[in-house]
Amino acid sequence: MAILITGGTGFIGSHTCISLTEAGYDVVIVDNYYNSSPKSLARICELCGKDLKFYECDIRDKAGLQRVFTENKIDAVIHFAGLKAVGESCQKPLEYYDNNVNGTLCLCDVMRQNGCKNIVFSSSATVYGMHNVSPLKETMPTGGTTNPYGTTKYMIEIILQDIAKADPAWNVTLLRYFNPIGAHKSGRIGENPNGIPNNLMPYITQVAIGKLPELSVYGDDYDTPDGTGVRDYIHVVDLAEGHVKALDQMLTGNKGVQIFNLGTGVGYSVLDIIHAFEEANGVKIPYKIVGRRPGDIATCYSDPTKAREVLGWETKRGLREMCEDSWRWQSMNPNGF
Ligand code: NAD
Ligand code: WQD
């Protein structure tokens with residue numbers, strides 16, 4: 001069975017290509033290399049032990065996508081391709097709406113023209129907005145997003161649900177990820193941010209390797225046990241395995257729209273992460289407390305019960321392993337790919 005992976009050479013996509021290959025699926029990748037590179041593709045193929053079919057193509061290029069569907073019998077699409085930097089999305093809203101929302105419209109149109117109506121979409125905990133109280137459940141209201149990136153995720157969720165409503169032949173699975181960190185055990189693939197990282201774990205690993213002098217902890221006056229922000233960090237390989245389970249489930253009959261949180265259900269603070277990283281890897285992380293980052297919330301973690309009950313999926317890798325694997329990737333690849 002052939003699965004098209006958009007954004008398949010990126011951080012989560014690359015790990016998912018490996019888990020899918022291990023599960024026996026044939027993988028076809030589309031990526032425009034905006035935030036990845038041929039080196040990532042080479043490493044994915046190395047870890048899969050075979051050459052995966054790859055198209056360098058923007059998902060907004062309908063003719064390019066049509067070629068992919070003509071040359072391959074695609075049974076389902078896992079749609080990772082998108083821009084993901086929250087801060088940048090406030091500076092470049094047009095680019096974010098065009099790439100993420102318009103890109104998804106183009107993809108779905110080509111899928112429909114080719115009779116492929118199975119899609120798994122990379123959504124985000126960000127769709128729960130600022131006002132729901134953790135643990136977050138799939139039944140809680142969504143919206144009230146505070147930046148264009150989050151709004152693209154919210155809009156795409158609505159669009160895909162409307163498509164499935166209009167044509168019940170569509171199967172749409174929305175996966176709401178919490179905070180993916182860690183890397184493949186081999187240290188050959190991992191997260192490769194451009195410039196100074198926005199997210200906590202890549203920032204910590206770059207401090208650990210000496211590329212950045214110290215971490216700024218954004219606020220210690222939140223209403224949390226130690227005052228710093230609490231998040232649900234999930235190992236990227238657990239996340240990748242969640243995609244395999246979601247796909248298995250979607251392809252065993254018509255499922256319509258399904259929505260799952262992919263998280264551990266456990267919240268850790270920024271200081272917990274710093275200390276866990278230091279302990280797991282024997283490296284010191286100098287840090288200073290600074291003011292809150294605009295748009296941050298105090299606490300965000302999942303209720304992962306639905307994914308466990310319906311998909312039979314749960315996370316297997318704990319915080320120590322996430323820290324070890326993030327560090328192995330960074331130390332083996334000080335300058336990324
Ligand atoms: P990533 O940037 O590493 O991967 C995205 C990939 O998509 C990149 O390889 C990029 O080159 C490609 N891409 C972007 N626009 C494209 C286009 N128009 N056409 C073709 N390819 C394009 O990001 P990631 O962390 O792997 O995230 C994957 C998905 O998961 C994204 O949709 C992201 O919004 C979502 N997500 C990520 C996180 C996170 O913290 N990493 C959390 C929740 C949701
Ligand atoms: C985690 C915690 C920060 C950096 C973002 C997106 C979300 C999703 C995942 C895509 C917070 C603190 C961070 C630093 C810090 N992405 N922090 N110093 O903000 O939970 O989620 O990525 O969908 O939509 O918003 O992740 O890793 O940026 O922050 O103190 O240098 O670490 O304040 O408490 P976040 P993050």
Side-chain angles (χ1 to χ4, degrees), residues 5-16 29-37 40-41 55-61 64-65 78-87 89 95-96 98-100 102-104 106-107 121-128 145-147 149-150 152-153 156 175-181 189-194 196-204 206-207 212 214-220 222 224 227-234 236 239-240 243 262-263 267-274 287-301:
I5 313 294
T6 73
T9 46
F11 172 44
I12 307 171
S14 57
H15 291 81
T16 304
I29 302 174
V30 162
D31 203 298
N32 65 357
Y33 286 144
Y34 180 82
N35 198 32
S36 56
S37 72
S40 166
L41 176 65
Y55 293 84
E56 185 173 345
C57 174
D58 192 296
I59 55 166
R60 291 163 295 182
D61 170 7
L65 276 184
I78 304 184
H79 178 29
F80 293 103
L83 304 180
K84 64 164 182 178
V86 170
S89 77
E95 282 79 359
Y96 271 69
D98 182 40
N99 197 76
N100 293 6
N102 182 32
T104 303
C106 293
L107 172 68
F121 173 62
S122 298
S123 189
S124 167
T126 193
V127 301
Y128 289 112
T145 45
T146 53
N147 57 78
Y149 166 73
T152 68
K153 293 291 169 192
I156 295 167
L175 300 180
R176 294 179 181 157
Y177 314 154
F178 283 70
N179 290 55
I181 60 171
I189 58 169
E191 187 169 10
N192 188 32
N194 250 332
I196 296 179
N198 299 303
N199 295 114
L200 180 62
M201 184 53 85
Y203 206 106
I204 288 179
Q206 293 202 12
V207 170
L212 294 167
E214 65 182 351
L215 173 74
S216 295
V217 174
Y218 297 137
D220 67 349
Y222 284 106
T224 60
T228 65
V230 167
R231 297 290 183 273
D232 184 341
Y233 297 91
I234 174 172
V236 66
L239 187 61
H243 288 73
L262 295 183
Y268 288 109
S269 74
V270 178
L271 296 180
D272 289 336
I273 299 295
I274 296 172
Y287 70 87
K288 62 168 188 265
I289 308 288
V290 300
R292 294 182 178 191
R293 183 171 65 177
D296 273 356
I297 54 175
T299 302
C300 173
Y301 61 93

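Just so you know, ligand 1 is whichever comes first in the structure, and atom 1 is the first atom listed for that ligand. Along the sequence shown, residues are numbered consecutively beginning with 1.
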query = Under a 4.0 Å heavy-atom limit, does L200 contact ligand 2 with its side chain, its backbone, both, or neither?
reply = both

query = What's the shortest distance from atom 3 (C) of ligand 2 to any protein heavy atom, and which residue and atom give it?
reply = D296 OD2, 3.5 Å

key: Student check: side-chain heavy atoms of N100 and Y149 closer than 4.5 Å   = yes

ask   = Looking at ligand 2, does any of its N/O atoms fall within less than 3.5 Å of an N/O of K84?
value = no

query = Would you call the rings of H79 and F121 parallel, tilted or perpendicular if under 30° counts as parallel and over 60° as perpendicular?
reply = tilted

remark   = Restricting to heavy atoms, the pick from T152, N147, N199, T145 nearest atom 5 (C) of ligand 2 would be N199

remark   = Logged contact type for E191 with ligand 1, heavy-atom cut-off 4.0 Å, is neither

query = Are any of the side-chain heavy atoms of N99 and Y34 separated by less than 4.5 Å?
reply = no

inquiry  = Once you restrict to heavy atoms under 4.0 Å, what part of N99 touches ligand 1? Side chain, backbone, both or neither.
reply    = side chain

query = Which atoms of ligand 1 have any heavy atom of S123 under 4.0 Å away?
reply = 43 (C), 44 (C)

request  = List every atom of ligand 1 that sits less than 4.0 Å from any heavy atom of Y34, numbering the atoms from 1 in the order shown and giving each element.
outcome  = 11 (O)

ask   = Looking at ligand 1, does T6 have a heavy atom less than 4.0 Å from it?
value = no

task = Have a look at ligand 2 and work out which part of L215, if any, has a heavy atom under 4.0 Å from it: side chain, backbone, both or neither.
result = side chain

inquiry  = Within the 4.0 Å heavy-atom shell around G7, which atoms of ligand 1 are there?
reply    = 6 (C), 7 (O), 12 (C)

remark   = Note: heavy atom closest to atom 11 (C) of ligand 2, options Q206, K153, R231, belongs to R231

task = Provide the number and element of each atom of ligand 1 under 4.0 Å from a heavy atom of S122.
result = 29 (C), 30 (O), 32 (O), 35 (C)

ask   = Given Y177, Y149, Y233, which has its nearest heavy atom closest to atom 33 (C) of ligand 1?
value = Y149

request  = Would you confirm whether the ring centroid of F80 sits within less than 6.0 angstrom of the ring centroid of H15?
outcome  = no

Protein contact of atom 21 (O) of ligand 2 - nearest heavy atom, named by residue and atom, plus distance = N179 ND2, 3.7 Å

Atoms of ligand 1, numbered as shown, that sit under 4.0 Å from any heavy atom of S124 = 43 (C), 44 (C)

task = Pick one of side chain, backbone, both or neither for how Y233 approaches ligand 2, counting any non-hydrogen atom pair under 4.0 Å.
result = side chain

ask   = Closest non-hydrogen protein atom to atom 28 (O) of ligand 2, residue and atom name please, with distance?
value = R293 NH2, 2.8 Å

inquiry  = If you take the nearest heavy atom of each of D31, I12, D61, which one is closest to atom 9 (O) of ligand 1?
reply    = D31

ask   = Is there a nitrogen or oxygen of F80 sitting under 3.5 Å from a nitrogen or oxygen of ligand 1?
value = yes

Numbering as shown, the atoms of ligand 1 that approach C57 to under 4.0 Å (heavy-atom distance) = 19 (N), 20 (C)

Subset of ligand 2 atoms that lie under 4.0 Å from at least one heavy atom of G229 = 34 (O)

inquiry  = As an exercise, identify every atom of ligand 2 less than 4.0 angstrom from a heavy atom of Y149.
reply    = 10 (C), 23 (O), 24 (O)

task = For V86, counting its heavy atoms only, list the atoms of ligand 2 lying under 4.0 Å from any of them.
result = 6 (C), 25 (O)

note = Filtering T299, V270, I273 for the heavy atom nearest atom 12 (C) of ligand 2 leaves V270

remark   = Atoms of ligand 1 under 4.0 Å from any heavy atom of Y33, numbered from 1 in the order shown, are 11 (O)

query = Is the shortest distance from a heavy atom of Y177 to ligand 2 less than 4.0 Å?
reply = no

query = Any idea which protein heavy atom is nearest atom 7 (C) of ligand 2, and the distance to it?
reply = S124 OG, 4.2 Å

remark   = If we number the atoms of ligand 2 from 1 as shown, the ones under 4.0 Å from a heavy atom of V217 are 30 (O)

message = Suppose I only count heavy atoms of N198 and a 4.0 Å limit; which atoms of ligand 2 are within that range?
response = 4 (C), 28 (O)

task = Report the part of S216 in contact with ligand 2, treating N, CA, C, O as backbone and CB onward as side chain, heavy atoms under 4.0 Å; options are side chain, backbone, both, neither.
result = backbone

